[in-house]
Amino acid sequence: MIYLCRHSETVWNREGRLQGHKNSELTNLGEVQARRMGEALRREILEIEDYALVASPLSRTRRTAEIICDAIGRDLQQITFDDRLKEISWGDWEGCTRTEIEGRWPGIYAKRRENKWEFQPPNGESYALLTRRVGQWLDEITEMDKLIVVTHGAAGRAIRGLYGRMPPGAAIGLEEPQDAFFFLSGGDIKKIAVALT
């Protein structure tokens, strides 16, 4: 059983910048979102002490996981970090807005639209490669495992795509909310909204 969370809002999310493996700090709203997510997890999971907490090591997921830990009464030392849960690498595009990318690489977004699944930004990673990476992590998880996982938008979509046995590329269009998390159990995926008030 997996409770799958995306990191909360960052400065670059707000600015529309691709983050990938680069780091951007949580906004004030992001801090609130993370706390509310932790509180919602505490309400949702009856025996929350039985759940291990696993996260991507990037600073935005690390900070979100720390706030969740505080909200559920968990020691920060109990977070396990796994590189395979990192966000897709956008390579040379990281830190750029879409407008900046189009300015530096004219026409490249049109090329990307032709095959988003296999397209790799300069020095970056395709969705196919990302899915293979998170798939290696997911293959190690059993239905007996009880996990709270804090990852990223594209990585979370890839995990849900694999778990839901979607065709290659189908997960690219899935939502990536910062005010909800997903419960993966018994082959089903359930979205759980987080109230921010």
Side-chain angles (χ1 to χ4, degrees), residues 1-10 13 19 21 23-27 29-88 130-166 171 174-197:
M1 292 186 284
I2 300 172
Y3 285 89
L4 184 64
C5 310
R6 181 187 178 196
H7 66 80
S8 48
E9 186 190 69
T10 69
N13 286 151
Q19 295 177 109
H21 290 186
N23 291 307
S24 176
E25 298 305 311
L26 299 189
T27 61
L29 174 59
E31 298 267 337
V32 171
Q33 288 173 331
R35 176 148 304 279
R36 296 291 185 262
M37 193 178 306
E39 292 167 353
L41 286 162
R42 190 178 64 219
R43 286 191 302 273
E44 181 74 22
I45 307 172
L46 294 179
E47 296 176 340
I48 200 164
E49 64 278 357
D50 294 342
Y51 281 74
L53 206 152
V54 185
S56 156
L58 297 176
S59 69
R60 57 195 183 274
T61 40
R62 182 180 293 267
R63 180 64 185 142
T64 302
E66 289 171 351
I67 295 170
I68 288 172
C69 270
D70 184 60
I72 65 174
R74 183 75 54 88
D75 189 300
L76 300 184
Q77 302 305 315
Q78 294 178 297
I79 305 171
T80 301
F81 297 99
D82 195 312
D83 281 343
R84 295 171 295 180
L85 294 173
K86 283 182 179 178
E87 181 60 301
I88 190 169
L130 165 69
T131 301
R132 191 174 310 140
R133 169 163 54 83
V134 299
Q136 292 170 352
W137 172 83
L138 190 59
D139 285 345
E140 296 175 4
I141 308 305
T142 72
E143 278 297 320
M144 299 301 293
D145 290 319
K146 295 180 178 182
L147 302 174
I148 297 169
V149 177
V150 184
T151 186
H152 304 267
R157 292 197 313 266
I159 290 168
R160 284 155 45 216
L162 288 167
Y163 189 84
R165 302 187 184 283
M166 298 175 192
L174 295 176
E175 63 179 324
E176 46 183 29
Q178 291 173 312
D179 60 352
F181 52 85
F182 296 89
F183 180 48
L184 285 54
S185 180
D188 293 327
I189 303 171
K190 176 185 171 187
K191 179 181 175 182
I192 301 168
V194 175
L196 294 180
T197 55

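Throughout, numbering of the chain's residues begins at 1 and tracks the sequence.
When atom types are taken as modelled, the side chain of Y163 and the backbone of S185 share a donor-acceptor pair closer than 3.5 angstrom. Counting only distance, with no hydrogens or angles, the side chain of E140 and the backbone of W137 share no donor-acceptor pair below 3.5 Å. Under a 3.5 Å cut-off, the side chain of D139 and the backbone N or O of Q136 do not form any donor-acceptor pair. Without hydrogens or angle criteria, T61 side chain to T151 main chain gives no donor-acceptor distance under 3.5 Å. The backbone N or O of R6 sits nowhere less than 3.5 Å from a side-chain atom of Q178 that would complete a donor-acceptor pair. With hydrogens and angles disregarded, no donor-acceptor distance shorter than 3.5 Å links the side chain of E25 to the backbone of R60. Within the 3.5 Å criterion, the main-chain N or O of S56 finds no donor-acceptor partner in the side chain of R62. H21 places a side-chain N or O within 3.5 Å of a backbone atom of E87 that can act as its donor or acceptor partner.
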Apply the test salt bridge (Lys or Arg N to Asp or Glu O under 4.0 Å) to residues E175 and R157: give CA-CA distance (whole Å), side-chain angles for both, the deciding distance (0.1 Å), then the verdict. CA-CA 7 Å; E175 63 179 324; R157 292 197 313 266; over 6 Å; no
Test side-chain contact (heavy atoms from CB on, under 4.5 Å) on L130 and K86 and set out the steps. CA-CA 9 Å; L130 165 69; K86 283 182 179 178; over 6 Å; no
Dump the intermediate steps for salt bridge (Lys or Arg N to Asp or Glu O under 4.0 Å) on E49 and K146, then the final yes or no. CA-CA 10 Å; E49 64 278 357; K146 295 180 178 182; over 6 Å; no
Working note: I192 + K190, criterion side-chain contact (heavy atoms from CB on, under 4.5 Å); need CA distance, chi angles, decisive distance, verdict. CA-CA 6 Å; I192 301 168; K190 176 185 171 187; 4.2 Å; yes
Stepwise salt bridge (Lys or Arg N to Asp or Glu O under 4.0 Å) test for R63 and E66: CA-CA 5 Å; R63 180 64 185 142; E66 289 171 351; 3.6 Å; yes
side-chain contact (heavy atoms from CB on, under 4.5 Å), that's the test. Do I45 and I148 meet it? Break it down for me. CA-CA 10 Å; I45 307 172; I148 297 169; 4.0 Å; yes
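Of the inter-residue distances, the one linking L4 atom CG with L184 atom CG reads 6.0 Å to the nearest 0.5 angstrom. The line from CE of M1 to CE of M144 is 8.0 Å long, rounded to the nearest 0.5 Å. Remark: R35 CZ to T64 OG1 distance equals 12.0 Å, nearest 0.5 Å. Taken to the nearest 0.5 Å, the CG atom of D70 stands 9.5 Å off from the CD atom of E39. We find the CD-CZ distance between E31 and R36 to be 12.0 Å, quoted to the nearest 0.5 Å. The line from CZ of F183 to CG of L41 is 11.0 Å long, rounded to the nearest 0.5 Å.
F181 places a side-chain heavy atom less than 4.5 Å from the side chain of V194. Proximity of N13 to S24: side-chain heavy atoms (C-beta onward) are nowhere separated by under 4.5 Å. Counting heavy atoms from C-beta outward, T131 and R133 have side chains that stay 4.5 Å or more apart. Proximity of L26 to I67: side-chain heavy atoms (C-beta onward) are separated by under 4.5 Å at one or more points. By the 4.5 Å heavy-atom criterion applied to side chains, T27 and Q33 are not counted as neighbours. In this structure, the side chains of N23 and T10 stay at 4.5 Å or more apart for every pair of heavy atoms. Looking at L53 and T80, their side chains never come closer than 4.5 Å, going by heavy atoms from C-beta outward. Put simply, the side chain of V150 does not reach to within 4.5 Å of the side chain of V54, judged on heavy atoms.
Of all non-hydrogen atoms in L162 and G135, the two that sit nearest each other are CD1-CA, 3.5 Å. Taking every heavy atom of both residues into account, G186 and E143 meet most closely at N-OE1, 3.3 Å. Nearest heavy-atom pair across A55 and I79 is CB-CG2, 4.2 Å. Heavy atoms only, all atoms of each residue included: L76 and C69 are closest at CD2-CB, 3.6 Å. Across all their heavy atoms, A193 and A180 have their closest contact at CA-CB, 3.9 Å. Among all heavy-atom pairs drawn from A154 and I88, the shortest one is CB-CG2, 3.9 Å.
Taking the six-membered ring for Trp and the full ring otherwise, Y3 and F182 have centroids separated by 6.0 Å or more.
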